[in-house]
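Chain letters run A, B, ... following the sequence lines, proteins first and then strands; every chain starts at 1.
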Amino acid sequence: MSGASPSPAPPSAPGTGFGFEVGDTLAGGAGRTGTITTPHGTIATPAFVVVGTKATVKTVLPETVAELGAQAVLANAYHLYLQPGADVVEAGGGLGRFMNWPGPTYTDSGGFQVMSLGVGFKKVLAMDTAGLADDDVVAAGKNRLAAVDDDGVTFTSHLDGSRHRFTPEVSMQVQHRLGADVIFAFDELTTLMNTRGYQESSVERTHAWAVRCLAEHRRLTAERATAPYQALFGVVQGAQYEDLRRRAARDLAAVEIDGHSFDGFGIGGALEKQNLGTITGWVSDELPEDRPRHMLGISEPDDLFTCVENGADTFDCVSPSRVARNAAVYTRDGRFNVNTAGSRRCFEPIDAECDCYTCTHYTRAYLHHLFKAKEMLAATLCTIHNERFVVALVDRIRTAVSDGSYADLKAETLGRYYPVR
RNA sequence: GGCAGGUUGCCCGAGUGGCCAAAGGGAGCAGACUGUAAAUCUGCCGGCAUCGCCUACGUUGGUUCGAACCCAACACCUGCCA
């Protein structure tokens with residue numbers, strides 16, 4: 001189905017410790033199961049990767065993260081570079097050992113911060129642009145902490161105001177010292193407010209940076225020959241434009257340096273929710289089938305189905321944990337806030353069908369009490385539940401792809417979660 | 001018994017003639033959050049309701065075109081002196 005020309009030889013030659021194997025496929029679509037192998041364990045895909053930006057899944061012990069079924073954790077190069085410093089993490093044995101997470105780890109490149117601290121200052125990556133105008137972005141830019149140029153990005157630390165420079169090479173050096181099993185190429189995110197012209201030049205810039213990342217990655221891999229192999233994923237941008245997304249994916253897939261190419265690919269950037277499936281489909285169509293495809297920042301139930309059936313293998317997202325800290329919890333029948341009056345005297349679990357530690361031991365009334373009393377345990381218990389909810393949902397999707405029940409699972413799950421859609 | 005200070009919306013607390021249904025907190029009620037500058041942010045928060053009207057700043061009475069704000073009496077509370 002792929003229209004791409006024969007891809008370069010897989011970089012993950014035997015012995016590197018990294019690999020990807022496709023399992024079952026979804027009839028009539030791009031969906032598939034698979035297995036990602038890393039030096040720190042395997043990941044059965046589709047899989048949800050839990051986010052632990054600063055080398056911790058906020059409010060939760062690593063043992064608990066494992067218990068709730070997470071197969072991998074994703075941290076962030078920009079944040080760990082600023083604090084405690086990549087050298088400290090490296091001296092601490094690398095990301096996994098430093099944070100006491102024995103399984104597979106990922107690090108994001110810092111590309112997201114180019115946007116969130118730059119033009120997207122104080123703005124969420126726009127998936128719903130209603131009410132937003134170009135002026136909002138321009139005004140926000142007045143106080144931005146990051147400025148992009150063709151060579152890289154200059155950041156002002158949000159911690160102490162100091163100035164820092166990230167280039168593709170710096171991001172690779174930082175991510176090599178952090179030592180995650182999967183690292184991402186340094187990319188530029190745009191917003192939906194950017195013009196078509198800017199999106200074009202941004203895709204070119206991201207591609208040029210990806211090439212530089214692969215080159216620096218090869219150099220570092222050779223230089224650090226005794227270190228565990230780290231897989232590098234290129235990141236596909238291109239906003240909502242089919243030609244840009246397809247070209248970005250095709251061009252990344254074709255990059256080859258000394259016989260090596262990207263081990264996998266990330267799909268990210270500005271896009272509207274209703275285009276998510278279509279865009280994922282275009283990109284999957286262009287990418288080689290023997291490499292994993294990671295969706296950056298996706299976890300809503302409908303989005304997970306949409307992406308899987310269009311070829312996505314893994315996901316990460318801050319939403320389950322962030323939202324949990326603010327009292328929003330997922331249930332089979334939709335999301336609600338436990339800190340509202342309705343839960344004050346409700347002695348039922350968040351979701352009676354959930355097998356998580358929180359649902360098997362605590363009531364909505366207790367969680368409501370913890371939030372009202374501003375007790376830290378509220379965030380911990382709700383994070384456990386939300387992460388379990390998303391991990392378990394993706395696990396069910398994976399099983400359904402294999403046993404042919406995907407369509408039924410999708411209809412039943414979304415019918416309950418979004419009753420009036 | 002004397003002197004001084006105080007009594008504001010659910011709570012704390014600003015306001016000392018009109019711009020006051022009354023700042024600001026807190027509590028309460030709701031909402032948002034998709035590669036984490038987020039255990040954060042936003043809205044509502046006397047009643048009825050379209051401008052607007054009604055009821056409100058301890059109680060009662062007074063001054064004034066107009067009072068939470070000025071005056072008097074009363075009721076509580078708080079200091080200091082006896």
Side-chain angles (χ1 to χ4, degrees), chain A residues 48-60 73-80 82-83 106-118 120-128 130-131 140 143-146 155-161 171 180 182-189 233 235-237 265-273 276 294-304 306-307 312 314-330 335-344 370-383 386 390:
Chain A
F48 180 69
V49 178
V50 171
V51 174
T53 301
K54 294 190 266 191
T56 169
V57 179
K58 296 184 193 299
T59 78
V60 177
V73 171
L74 178 144
N76 183 278
Y78 170 76
H79 287 279
L80 293 175
L82 286 182
Q83 189 178 61
Y106 288 55
T107 48
D108 188 24
S109 65
F112 181 80
Q113 282 65 35
V114 176
M115 184 282 294
S116 70
L117 299 179
F121 181 77
K122 286 292 180 189
K123 297 271 179 229
V124 174
L125 178 59
M127 297 190 81
D128 176 8
N143 298 313
R144 65 189 180 184
L145 298 176
F155 291 101
T156 299
S157 165
H158 64 280
L159 296 176
D160 63 8
S171 179
V182 176
I183 67 179
F184 285 94
F186 191 58
D187 62 331
E188 179 191 18
L189 276 80
F233 284 25
V235 180
V236 180
Q237 293 292 346
F265 300 89
I267 301 171
L271 46 83
E272 286 177 310
K273 190 179 176 75
L276 180 59
H294 180 87
M295 298 304 301
L296 291 151
I298 296 295
S299 73
E300 289 297 303
D302 55 342
D303 295 338
L304 295 171
T306 298
C307 291
T314 53
F315 302 85
D316 76 82
C317 195
V318 304
S319 191
S321 61
R322 177 190 288 169
V323 141
R325 269 174 269 127
N326 300 314
V329 290
Y330 302 110
R335 214 184 84 176
F336 76 100
N337 295 329
V338 245
N339 62 348
T340 56
S343 294
R344 201 167 100 81
L370 292 180
F371 273 109
K372 289 302 185 182
K374 301 191 192 316
E375 284 292 338
M376 295 184 291
L377 188 58
T380 299
L381 294 177
C382 288
T383 298
N386 280 357
V390 177

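Summarising the geometry, the separation between CG on A:Leu304 and C1' on B:rU34 is reported as 10 Å, rounded to the nearest angstrom. If you measure from atom CG of A:Asp187 to atom P of B:rG35, you get 13 Å, rounded to the nearest angstrom. Protein atom NZ of A:Lys58 is 10 Å distant from nucleotide atom C1' of B:rA37, rounded to whole Å. Taking atom CG of A:Asn76 as the reference point, atom P of B:rU34 lies 16 Å away to the nearest angstrom.
Among the atoms of the strands shown, base atoms are found under 4.0 Å from some heavy atom of A:Ala328. Residue A:Glu375 is classed as having no contact, given no heavy-atom separation below 4.0 Å to the nucleic acid. A:Asp316 comes within 4.0 angstrom of the backbone, heavy atoms only, and of no base. Using a 4.0 Å heavy-atom distance criterion, A:Leu74 is classed as a sugar-phosphate-only contact. Nucleic acid contact class of A:Met295 (heavy atoms, under 4.0 Å, all strands): none.
RNA chain B is contacted by both A:Ala379 and A:His79; A:His79 maps to the nucleotide lying nearer its 5′ end (nearest heavy atom per residue).
Counting only distance, with no hydrogens or angles, the side chain of A:Thr383 and the backbone of A:Ala379 share a donor-acceptor pair below 3.5 Å. Side chain of A:Thr56 to main chain of A:Gly52: no donor-acceptor pair is present (N/O by atom type, distance under 3.5 Å, no hydrogens or angles).
Outside the 6.0 Å centre-distance limit, the rings of A:Phe265 and A:Phe233 are not counted as a close aromatic pair.
Comparing B:rG26 with B:rU40, their P atoms are spaced 12 Å from each other, to the whole Å. Between B:rG9 and B:rA4, the two P atoms lie 27 Å apart (nearest whole Å). For B:rA39 and B:rG5, the P atoms lie 49 Å apart once the distance is rounded to whole Å.
The phosphate of B:rA37 (OP1 or OP2) has a side-chain N or O of A:Gln113 nearer than 4.0 angstrom. Put simply, A:Thr53 has a side-chain N or O that comes within less than 4.0 Å of OP1 or OP2 on B:rU36. At the phosphate of B:rU40, neither OP1 nor OP2 sits under 4.0 Å from any side-chain N or O atom of A:Arg322.
Evaluation of atom-type donor-acceptor distances gives a pair under 3.5 Å for the side chain of A:Gln237 against the base of B:rG35. Taking only distance into account, the side chain of A:Ser321 meets the base of B:rU36 through a donor-acceptor pair shorter than 3.5 Å.
Proximity note for A:Leu189 (side chain, C-beta onward) versus B:rG35, B:rA39, B:rU34: the nearest is B:rG35.
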**Fill in**
Letter by letter from the 5' end, nucleotides 27-32 of chain B scores (B base, S sugar-phosphate only, - none; protein heavy atoms under 4.0 Å) SSSSSB

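Between A:Thr314 and A:His294, the side chains place a donor N or O and an acceptor N or O closer than 3.5 Å (distance only, hydrogens not considered). Side chains of A:Gln113 and A:Asn76: a donor on one and an acceptor on the other come within 3.5 Å.
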